[in-house]
Amino acid sequence: MPQCATAALPRDGPRGQVSGAAAAGALPKRVKVVEVGPRDGLQNEKNVVPTPVKINLINMLSETGLQVIEATSFVSPKWVPQMADHTEVMQGINKLPGVSYPVLTPNLKGFQAAVAAGAKEVSIFGAASELFTKKNINCSIEESLERFSEVMTAARAASVPVRGYVSCVLGCPYEGKISAAKVAEVSKKMYSMGCYEISLGDTIGIGTPGSMREMLTAVMKEVPVGALAVHCHDTYGQALANILVALQMGVSVVDASVAGLGGCPYAQGASGNVATEDLVYMLNGLGIHTGVDLQKLMDTGTFICNALNRRTNSKVSQASCRL
Amino acid sequence: MGTVPSALKHCLSYQHLLKEQLWIGDPAVPPPAAPHPGQESQASGLPEYIKIVEVGPRDGLQNEKVIVPTDIKIELINRLSKTGLPAIEVTSFVSSKWVPQMADHKEVMRGIERHPGVQYPVLTPNLRGFHSAIAAGATEVSVFGAASESFSKMNINCSIEESIEKFEEVAKSARNMNIPVRGYVSCALGCPYEGNIIPAKVAEVSKRLYSMGCYEISLGDTIGVGTPGSMKRMLEAVMKEIPLSALAVHCHDTYGQALANILTAIQMGVAVVDSSVAGLGGCPYAKGATGNVATEDVIYMLHGLGINTGVNLYTVMEAGNFICTALNKKTNSKVAQASFNTATIN
């Protein structure tokens, strides 16, 4: 089982947890950064990247000190052509000891293909919105959880850890507002099923520190904070502020994407994932240990942006005069 | 995440996004009246109201590559005056030899509409600039100090002490004429020449400006290198010398840290935030990098926190759209990028 970073207990007083120096003093000493660039990032980029470039990207990321790198997605290439080379990528990368390479598996078939290709950890994607689930994978939340339970059973039998994602935790492109209670309910179900960690995704980046706090307060009643992660999109520029609030509440696992790869499919021309470089810069400034070498990370970002023929979305990289 | 559905054309249409933006709120609803700054919200411990000081027309335009004609500047300021922003930094009475972008300071000052309840401060580096500003109709001025000797020397060619002496002359004249003076402290979280800046130095310079009569001290992260950690340490030092209600933060987003730094400041009780419409104004010390934080993105965060600003985000976005079109550049505001269909802006 991956190590969860130690976190101070959250305080639930009448003044709330967003304010004051007291909240800032409760920051975790270590944060695990989960790098989603090769999967979430590349999947949402306009240009498709050849297999050797993907493999090189992941290998470079492995050298930065990142502990978790989401490598690819075992979904049908009919739906996600960018991830069609999942088997080759999985088999082609250098797997460094101490680094985890989770892959997405939407169902049992994907799980089996993933394990056959050498995957040692998988992820499943739920959502806090019925409409999003219907539009995205053509079933209800309940039905999606049933599919996942098949994966969970097989994963347990094979001793493969499973990470659960909950999308639309701060808002849905179809339903609009999402109740914190609903997020808590779906998170609880996925955690009870056996997911070791639940990554709460602000899929369209509309959340602010206020809605983040409200959502986490509800979820933390059902899932221990040590099993929680946040996956913030920077579509409205709110990601780092939202992440800061999550850290203040005791969350110590944060997802990010090198160079901020991955636009937003719901807002044309807008950005998506928060940039790993910008996240690490903030964590370094806060004295929080990540184990990540920022320079090597920026070099990796430069590499993939050159390959994609695009500018970086990382402000830290831009300020350091890199592409 | 999973399969990408086909584009929701109705959700991405320009009209739908602007008029019915779920996340921005109803543009037809006027913002509630602003309570006094410093008032705390019981639920979250954050200030209930935050005053936004719009620096786009000055700090923003001064640091843009393209020089904007006078009538465009005036139009921008007039549009900003209708958004509910309580303070708009208009121009700078410095020698046009040093800052050509602000050469038309008199025309701008005289040409703008002055809305009741809105302040229109201008920069005045010395007594001469101050007199010129007053003659042109200014009713509030700003002076710019720095927490770094090297920066002071490189920027205005004198030591911190010498600059303070000049500002004292301005402050004295201003006091005699009942003109409020705002003090800025640059390099509060780091200097492009000296690197690290100690919080005690920032506190010392702030105290000098405050003692000479500045009603507010705006602490500037000039090169955007600060993080919530350094912001907190700096504010703790400054708050020992200056009352909280007299403090403002002026964060640059060069390293993407601005909103997190602003959040930290408001968690500590700061209730005045500087920002620039559309994130105008690059960073002169990091080529190609961004500078000022975008007003739209700040407002989005503050409103999401339940904090009142008195500002209509929708109209700020329109003003941002106007100036970006005039400058022929993309906005630096992520909220604006997410909200406008990039193909069909008129």
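Reminder, nothing fancy here: chain letters follow the sequence lines and each chain counts from 1. Values reported hereafter were calculated over all heavy atoms of this structure, with side chains retained and with hydrogens, waters and symmetry mates removed.
A 4.5 Å side-chain heavy-atom check between H86(A) and V103(A) finds every atom pair outside the cut-off.
Screening L200(A), D202(A), N242(A) for a side chain to side chain contact (heavy atoms under 4.5 Å, CB included) with M212(A), the sole residue that qualifies is N242(A).
Both the backbone and the side chain of V225(B) come within contact range of chain A, judged by heavy atoms closer than 4.5 Å. Both the backbone and the side chain of T235(A) come within contact range of chain B, with heavy atoms under 4.5 Å apart. Residue N261(B) does not touch chain A at all, counting heavy-atom pairs closer than 4.5 Å. With a 4.5 Å cut-off on non-hydrogen atoms, L286(A) touches chain B through its backbone and its side chain both. With a 4.5 Å cut-off on non-hydrogen atoms, Y165(A) does not touch chain B at all. The contact between D234(A) and chain B is made by backbone and side chain atoms together, counting heavy-atom distances below 4.5 Å.
When each of P228(B), A294(B), G229(B) is checked for heavy-atom pairs under 4.5 Å with chain A, P228(B) comes out on top.
One finds the SG atom of C139(A) at 9.0 Å from the CD atom of E130(A) (value rounded to the nearest 0.5 Å). We find the CD-CG distance between E277(A) and N313(A) to be 9.5 Å, quoted to the nearest 0.5 Å. Interatomic distance, E70(A) CD to S257(A) OG, rounded to the nearest 0.5 Å: 10.0 Å.
In this model, no donor atom of one side chain and acceptor atom of the other lie less than 3.5 Å apart for S271(A) and Q337(B).
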